Protein chains: 2
Amino acid sequence: MTETVRRPTRQQAAVLAALDEVQEFMSAQQLHSRLREQGASVGLATVYRTLTALAADDEVDVLRTDEGESVYRRCASEDHHHHLVCRACGRAVEVDGPAVEDWAARVSAAHGFRDVRHTLEIFGTCDRC
Amino acid sequence: MTETVRRPTRQQAAVLAALDEVQEFMSAQQLHSRLREQGASVGLATVYRTLTALAADDEVDVLRTDEGESVYRRCASEDHHHHLVCRACGRAVEVDGPAVEDWAARVSAAHGFRDVRHTLEIFGTCDRC
DNA sequence: GCAAACTTGACAATGATTCTCATTTCCGTC
DNA sequence: GACGGAAATGAGAATCATTGTCAAGTTTGC
Ligand SMILES: [Mn+2]
Ligand SMILES: [Mn+2]
Ligand SMILES: [Zn+2]
Ligand SMILES: [Zn+2]
């Protein structure tokens, strides 16, 4: 639990601001070009570093697309939750599943697994697509 | 659902045999070196191709590690299921969660998502580690 | 056996992510 | 406000799993 202490910089603020503008999960590369278009020049390495730090602090959620790319999103919920992600437009809906959490805990315990963590994402086509 | 029809070859049999020997999820690279050690020389590209084909036919399960590497496993169950994976030794236990399946279907429908698919894996430390 | 179609494998190419390190920025202190 | 050490940045190189290429080897139906 070492808290990541980063000095506030223009670049980091820009990355966070860019994330706040969208509802979609976005890759580092996408955010980088988006920032360039907006005139806010931020190095690609810095975008990666910032996203990694934000994810470590649970300020943003990360998930892997089918293609293996990491995509990030600033979620409304602070608490543990999951996502319904549109394969076409990338839009995401935050969902919560107490029953799933219980099930995961129960199954883990039953098999003697410790320090468990789980990943659960639902991919589909949203009603707008 | 175009069925992948591959001509049977020594190489493909070797990959499948290697998978059958282990309980762990293994990467293409790991399987490749394992095969070389055993004297069964199979090209790396062929290992990748075979694994991709097997996964497409649901003969093997695939999942992504935290590091983003694809790992494959020949599971006992033919049906849809999930895994409890040991972070340390890689050992995996097949688990089944009807409640989770229902939840996923319900949530997807509630938000108008179609053609949904989900990924759910639990990572932890097994009792032997 | 034969030709067409498929598979293999050595190697190159790709592409996201990480590393390097010289330069710039931050921040507490004087 | 200027200073100095620490942290952050960015351009480009390096990494590394995965995919593409294509000539040579195999398989299959005839
Ligand atoms: Mn959960
Ligand atoms: Mn399921
Ligand atoms: Zn959509
Ligand atoms: Zn273990």
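Naming: A, B, ... by sequence-line order, numbering from 1 per chain. Bear in mind that the values here come from a model prediction, so they are computed numbers and not experimental data. Worth knowing before you read on, the calculation uses all heavy atoms, side chains too, and leaves out hydrogens, waters and symmetry mates.
- Taking side-chain N and O atoms only, A:Y48 has no distance below 4.0 Å to OP1 or OP2 of C:dT18.
- Side-chain N/O atoms of B:S70 include one lying less than 4.0 angstrom from OP1 or OP2 on D:dT18.
- For A:R7, taking side-chain heavy atoms from C-beta onward, the closest of the listed nucleotides D:dT18, D:dT26, C:dC26 is C:dC26.
- Here B:R6 reaches the OP1 or OP2 of C:dT8: one of its side-chain N or O atoms lies under 4.0 Å away.
- Here A:E21 pairs with A:R34 in a salt bridge; the nearest charged N to carboxylate O distance falls below 4.0 Å.
- Proximity of a side-chain donor or acceptor of A:T50 to a complementary backbone N or O of A:T46 within less than 3.5 Å is detected.
- Put simply, the side chain of A:R73 gets close to the backbone of A:A92: a donor and an acceptor are under 3.5 Å apart.
- Listed pair A:T9 / D:dA8 fails the phosphate criterion, with no side-chain N or O lying under 4.0 Å from OP1 or OP2.
- Which of D:dT27, C:dT17, D:dT9 sits closest to the side chain of A:Q29 comes down to C:dT17.
- Checked against C:dT17, C:dT8, C:dA10, the side chain of B:A45 finds its nearest nucleotide in C:dA10.
- When the nucleotides C:dC27, C:dG9, D:dT18 are ranked by their closest atom to the side chain of B:A28, D:dT18 comes out on top.
- Distances shown here put every side-chain N or O of A:Q11 at or beyond 4.0 Å from the OP1 or OP2 atom of C:dT24.
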